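Below is one structure, written out as structure tokens, with a few remarks after it.
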Amino acid sequence: MQTEPKAAKAEKPESKYPLNLPDTPFPMRGDLAKREPKWVDDWTQKKLYHAIRRAAASRPRWVLHDGPPYANNDIHVGHAVNKILKDIVVKSKLMAGFDATYVPGWDCHGMPIEIQIEKKFGKGLPAKEVQAKSRAYAHEQIEKQRRDFMRLGVLGEWENPYLTMNPSNEADEIRALRKIYDAGYVFRGLKPVNWCFDCGSALAEAEVEYQDKTDIAVDVGFAFREHDKLAKAFGLAALPHPTGFIVIWTTTPWTLPANQALNLHPDFDYALVETNDAARPLLVLAKDRVAFCMDRWGLEGKVIAECKGRALELIAFAHPFYDRPSPVYLGEYVTLDTGTGIVHSSPAYGVEDFLSCRAYGMKDADVLTPVLGDGKYAASLAEFGGLSIWDANPKIVEHMASKGTLFKAEKFQHSYMHCWRHRTPVIYRATNQWFAGMDVKPKTGASSLRETALAAVEATQFFPAWGKPRLHAMIANRPDWTLSRQRQWGVPMAFLVHRETGELHPRTSELLEAVAKRVEQGGIEAWQTLEVSELLGSDAKDYVKNPDTLDVWFDSGTTHETVLRGSHPEQSKFPADMYLEGSDQHRGWFHSSLLTSCMINGRAPYNELLTHGFVVDQNGRKMSKSLGNVVAPQKVCDTLGADILRLWVAATDYSGELALSDEILKRVADTYRRMRNTLRFLIANTADFDASKDLVAADQLSELDRYALALTRKLVRECRDAYARYEFHAVTQKIQVFCSEDLGGFYLDVLKDRLYTCGATSPARRSAQTALHHILQTLVRMLAPILSFTCEEIWATLYPGKTVDESSVLFETWDYVVPGEDGNLLETWQTLREVRGSVTKSIESLREQGTVGSSLQANVVISAPEPLAAALLRLGDDLKFVFITSRVEVKPGSELNVEVSPSAHQKCERCWHYRADVGGNAAHPSICGRCISNLYGDGEQRVYA
RNA sequence: CGUCGAUUAGCUCAGUGGAAGAGCACCCGGCCGAUAACCGGGAGGCGCUUGGAUCGAUACCAAGAUCGACGACCA
């Protein structure tokens, strides 16, 4: 790192009496936006990260495992927050005395990239091509994101990150699948998904769009078949007619062959209606829909009995055209907006239908699934086998009309789900999927996954603490994990399944390893080209490759296997010490990683979880393009600098939302300038100080300096504490107050006289410089994790001529000792500072009258009661320096009283004190006795200040 | 709708069951040897609203408001 040339001093007539003025090449203005990129290049070229690792090699390992961002789009400020927080944590652990590592990663598989490829290259590409193009696209995205992350000053193994799409990673992921399969967690079951017949696959929500569609809406009667139960439910001894129907309304007649139940709302009133139609003399309808329905069907009728929906629970009615019962199940989702207040339920073709049937104990094997993947009914379906469901719609209506169960049919236009690729209608369809069972006992006989995971949550430290109940609740309530996806850009669920039975091959475990070996060489593409016979020989004719890929959450969720124990074991350990992500990852990465690790390791892959909120604008609103309140990290770096962004992250309480706006950044930049200037003052006033030679022993320091060091030790304690709790905003706050109140507002202000006017190498000045040296060494260490650029810049200024891989502030630790004992210095000087407050206030009132300008023009007389008077008198003549006045007199008094008057003496040209002895030496008529002594004599003794 | 979190000066944050704090910003002044700096002084807060237990709450409890996170294949 290079420091800027010294700015030319303003031309001023040089006094013939020299002063020890501050001197440094360290510029007052950071000019960060311009200079930071050069430093990043320097760190990269010199391999700073690895130099630090070497320096820390003997320390205990501490691992922050990176949650991989998705390899798509430029980074936004949320990414920046996440990476900066991680960097601050890693660097703080480094300086706390650990060998803290950071291997960044990227999540590469999944739908967003698949969609990008589809947008760029069109639809319907063969899998192999999708995979090749996705791989290339992900690489491009990663390169861009990597540059932006590095620009933030984030240190890590950027030249060797982990990518979930690396063949070795893909192979290890298949091995992870093998482990959970071997443990017995994996099973096959039904699950409703959005299904496109033209794609022949499931659709993600993002692939579904709504368009108008015209269907046949039908009112369909389900005949009574449990008359006694029905009569009883309505409070009747018997039904007045043997014939009757409960009526449903649906816009999807094609689901009726799969009807297996009827849904009523438990709290709605249902009516038994007697009509004037001999073919259908009794009807059951929701009471509030009776008038509407009668009118609609052109019937007359009257309500002869009523009951709540729940009274009809489990009563069975007859399917409208097959000879089987359809029982009433209760469901809160039934509404009275349309139809009859009764909903027909085909569990294979509706989410609510599926869930309610399952809630009533229906097994997967009992769910009727007559619709095949191409949209045709299975050949075995009575009456309609082989027909496309859309062609079957009118035939089903005709059929019901002939059976006398059709009440009405009409065209009906509504908004309906369509495939965004094909613009064709999509249905919900129960499909076979692979699951990891939450309540499955593993083969070892250990606890279920849910129990293990809940115990793991308990064993984990959460920052902030409310993360624990949150994750706990999610684990406690979540359903089984659907591992399978019907996609192309993902790691294959490399199962071989029996052509007929769908059973897994008996040697599945070893087959998975065989596939993993091939994927390790050829990536997931190797699975595409694999012939079943290569693995199974003569068995091949009975088995097919499972076409599913793994949920991308399985990719990132197994990085503790594929990265910590896979691709980067040298840099890692298991479990990791920390995972750190946005609060959404309780449902995401924290969650998936926990489950996979509990299945594989029986414990969480992390010891600590740290969560941050999301970035909002000054008014607490989410950032969005439409609101125009987006702050781009790239832009902040290019204008204010990355250290400003880093300081903003550090200064904000990330446990909630992080507010960001131009004004907030401006305030942060103010804070930065304050810190930078304070640091600069320390640097400039120790420029002629060589710690190896000039350091004054702690017990030889003036008392004020020992007090300043006591304050510094206190600051270190507080900051280390706050860092340990990851409360960086507390660190920032403490340092800011330290710089403003303790240093700028008091210590440094007082010190200027001694620094500038005492002999350059005098004990008095060396004492001050010793304190400044320790303070500087401390501050640069405490700030280094946050203001990475600035602190390296300072370090290079302090130790010029060395490259960053030879000398970096990050080689240092917080064990730096600030010498001295606190004793009662803090209390003693707190009292003095309070008196000083009274003095400055008194001077201020004199100033308002125009009697004095500088406080040095003032003489102060303090009356004080004991023991305060003694405490003041103890400092003797040094007291005036504490108050920055020319003279102080202390008198006993009943209460504290400060009187200020202008000095009657001459101002010393050199030290600006007003003293009686100015001009006392004829050879030097314009300066005082102190200055004579400091320049030509033995110099002042400064015991206290 | 449900679960969770947030709400103290213009901004960022402290804090305590007993008369509201800091830094910065703002206003006024000083200095002119940290100078696109530095020092001093001042002004500024129905502590989101409404109830409740309490002698008494900003702090404890409950409801509401506003904002935010998550809610199943979407990383």
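Small disclaimer: the values here were computed from a predicted structure and weren't measured. We name chains A, B, ... by the order of the sequence lines, and we start the count at 1 in each one.
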Assign the ring pair [X] / [Y] to parallel, tilted or perpendicular, where the plane angle (0 to 90°) is split at 30° and 60°.
X: A:Phe689; Y: A:His773; result: tilted
X: A:Phe728; Y: A:Tyr726; result: perpendicular
X: A:Trp489; Y: A:His109; result: perpendicular

Of A:Arg836 and A:Tyr756, whose nearest nucleotide on RNA chain B comes first from the 5' end?
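The answer here is A:Tyr756.
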
Specify the residue among A:Asp670 and A:Ile664 whose closest nucleotide of RNA chain B lies further upstream toward the 5′ end.
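Closest to the 5' end, via its nearest nucleotide, is A:Ile664.
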
Contact class for [X] (heavy atom, under 4.0 Å): base, sugar-phosphate, or nothing?
X: A:Gly588; result: nothing
X: A:Arg29; result: base
X: A:Trp589; result: nothing
X: A:Gly582; result: nothing
X: A:Glu741; result: sugar-phosphate
X: A:Arg847; result: sugar-phosphate

Side chain of A:Asp107 - closest among B:A37, B:A69, B:A75
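Comparing B:A37, B:A69, B:A75 against the side chain of A:Asp107, the answer is B:A75.
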
Tell me which nucleotide among B:G68, B:U12, B:G42 gets nearest to the side chain of A:Ala659.
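For the A:Ala659 side chain, the nearest candidate turns out to be B:U12.
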
Can you tell me the pairing partner of [N] across any strand shown, Watson-Crick or G-U wobble, with both distances under 3.5 angstrom?
N: B:A69; result: B:U3
N: B:G17; result: none
N: B:G45; result: none
N: B:G29; result: B:C39
N: B:C60; result: B:G52
N: B:U12; result: B:A22

Tell me whether A:Phe738 is stacked on the nucleobase of B:G23, counting only the six-membered base ring and applying the 5.5 Å and 30° thresholds.
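Per 5.5 Å and 30° rule: no stacking.
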
Only one of A:Asp688, A:Asn685, A:Asn20 forms a side chain to side chain donor-acceptor pair (under 3.5 Å) with A:Gln769, so which one is it?
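Among A:Asp688, A:Asn685, A:Asn20, the one meeting side chain to side chain donor-acceptor pair (under 3.5 Å) with A:Gln769 is A:Asp688.
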
Would you say the base of [N] and the side-chain of [X] have a donor-acceptor pair closer than 3.5 Å?
X: A:Trp481; N: B:A72; value: no
X: A:Glu844; N: B:G41; value: no
X: A:Lys666; N: B:A25; value: no

Just how far is it from atom CD1 of A:Ile88 to atom NZ of A:Lys83, taken to the nearest 0.5 Å?
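Reported to 0.5 Å precision, the distance equals 14.0 Å.
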
